[in-house]
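A quick write-up on the structure given underneath.
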Protein chains: 2
Amino acid sequence: MRQKKSALASVTVLERLRAAGLRPTRQRLALAKLLFARGHRHVSAEQLFNEARGQRVDVSLATVYNALHDFTGKGLLREISIDSSSSYFDTNTGNHHHFYFERTGRLEDIASDQVSISALPSAPGGAEISRVDVIIRVKA
Amino acid sequence: MRQKKSALASVTVLERLRAAGLRPTRQRLALAKLLFARGHRHVSAEQLFNEARGQRVDVSLATVYNALHDFTGKGLLREISIDSSSSYFDTNTGNHHHFYFERTGRLEDIASDQVSISALPSAPGGAEISRVDVIIRVKA
DNA sequence: CCTTAATTTAGAATTATTCTAAACTGCTTG
DNA sequence: CAAGCAGTTTAGAATAATTCTAAATTAAGG
Ligand SMILES: [Mn+2]
Ligand SMILES: [Mn+2]
Ligand SMILES: [Zn+2]
Ligand SMILES: [Zn+2]
């Protein structure tokens with residue numbers, strides 16, 4: 001059962017990479033599995049790199065950065081910059097917002113229907129809005 | 001008239017620093033004047049440093065960083081991290097939000113009454129909210 | 001004036017991220 | 001299956017924003 005599930009997850013991840021037009025290399029498959037195997041996550045490059053290492057996945061830090069950016073470019077991840085010290089990659093690419101715990105640096109999702117923003121001013125000069133981020137900073 | 005205005009601005013800035021408990025040094029006065037003399041601004045450390053240089057204000061980059069952080073610590077500025085490449089300091093410390101122009105990296109204020117956020121979920125565990133940021137990213 | 005604590009500064013250090021150029025590998029073709 | 005090649009990985013160097021260090025300067029108070 002456990003083996004089967006893992007195998008299925010691999011297949012899914014492989015298909016996901018192919019569908020995005022990304023070659024399913026050993027490194028990308030391993031990283032994608034770490035990222036997408038369970039529920040949504042918010043990780044930094046360094047975190048993912050350490051996690052991979054911990055599971056004996058032989059991958060370089062440069063490749064982690066490459067993969068995160070490639071995944072982001074194909075819409076599999078969303079990049080979030082909150083603290084200028086490093087950026088996070090979010091596996092939840094749908095419309096949603098965040099709690100940001102200042103002490104720990106952790107991010108937590110807020111479903112978009114939990115926050116209703118009304119009267120959004122339109123962008124000056126009719127420019128196109130690419131994204132609206134709501135970040136609730138929490139002292140904890 | 002012009003001289004008077006400049007002199008008045010200096011006095012105001014000096015009082016502001018004193019009121020915040022910051023010694024009004026030559027460097028802080030010059031930087032504060034650049035920051036607060038006219039309307040609200042969003043500047044990076046590097047920008048402010050270059051601006052000071054351009055006006056023959058002899059100040060080091062380390063001092064610009066020190067001043068920006070000291071001012072922020074005393075509530076004269078607010079620090080904003082949007083793009084992980086560098087952070088901005090906002091002279092508008094009141095409640096408001098931002099347009100972020102992705103191409104140019106410029107920030108523009110949105111008065112807080114232009115955006116109404118309803119149904120803000122309370123922070124988990126009753127933690128205190130320190131700030132809510134709404135950033136509208138614009139492709140332009 | 002003197003004294004002292006706060007501030008400034010040059011330059012080194014730190015750190016996240018990107019770049020470079022060479023080695024490697026997944027996929028297509030013959 | 002055997003190239004061939006573009007795409008990918010990688011070690012290590014490079015970059016760039018920011019912070020740190022330790023010594024010199026200066027504002028404030030008596
Ligand atoms: Mn990035
Ligand atoms: Mn800072
Ligand atoms: Zn999220
Ligand atoms: Zn602002």
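None of the values given here were measured: they were computed from a predicted structure. A, B, ... follow the sequence lines: proteins, then strands. Residue 1 opens every chain.
Taking every side-chain heavy atom of A:Y65 into account, C:dT17 is the closest of D:dC20, C:dT17, D:dT10. Taking only side-chain atoms of A:A45, from C-beta outward, the nucleotide of C:dT17, D:dG7, D:dT26 with the closest atom is C:dT17. Nearest to the side-chain atoms of B:A62 among the listed nucleotides D:dT8, C:dT9, C:dC27 stands C:dT9. Side chain of A:T25, nearest nucleotide from C:dG26, D:dT10, C:dT18: C:dG26. The side chain of A:T63 lies closest to D:dT9, out of D:dA27, C:dT9, D:dT9.
Between A:P24 and A:L14 the shortest heavy-atom distance is CB-CG, 4.1 Å.
Side chains of A:S130 and B:E102: a donor on one and an acceptor on the other come within 3.5 Å.
Across the protein-nucleic acid pair, A:F49 atom CZ and C:dT18 atom P stand 15 Å apart, rounded to whole Å. Distance B:H69 NE2 to C:dT7 C1': 16 Å, rounded to the nearest Å. One can place CG of A:D70 at 9 Å from C1' of D:dT8, the figure rounded to the nearest angstrom. When the C1' atom of C:dA10 is taken as reference, atom CG of B:D58 falls 12 Å away, rounded to whole Å. Spacing between atom CG of A:L61 and atom P of D:dT10 amounts to 11 Å, rounded to whole angstrom units. In this structure, B:L22 atom CG and C:dA5 atom P are separated by 19 Å, rounded to whole Å. The distance between atom CZ of A:R28 and atom P of C:dG26, rounded to the nearest whole Å, is 11 Å. Atom CG in A:N66 sits roughly 8 Å away from atom C1' in D:dT8 (whole-Å rounding).
Less than 6.0 angstrom separates the ring centroid of B:H42 from the ring centroid of B:H98.
Among the protein residues, B:S85 comes within range of the sugar-phosphate backbone only, with heavy atoms under 4.0 Å from sugar or phosphate atoms but none that close to a base.
Between D:dT10 and A:Q27, a contact under 4.0 Å exists linking OP1 or OP2 to a side-chain N or O. Between A:R26 and the phosphate of D:dT9, there is no side-chain N or O to OP1/OP2 separation shorter than 4.0 Å. Under 4.0 angstrom from either OP1 or OP2 of C:dT15 there lies no side-chain N or O belonging to A:S86.
Between B:V64 and B:R23, the residue whose closest nucleotide on DNA chain C is further toward the 5' end is B:R23.
Between B:F71 and B:F36, the two ring planes are tilted [angle within 30° to 60°].
Formation of a donor-acceptor pair under 3.5 Å by the A:R41 side chain with backbone atoms of A:L34 is found in this model.
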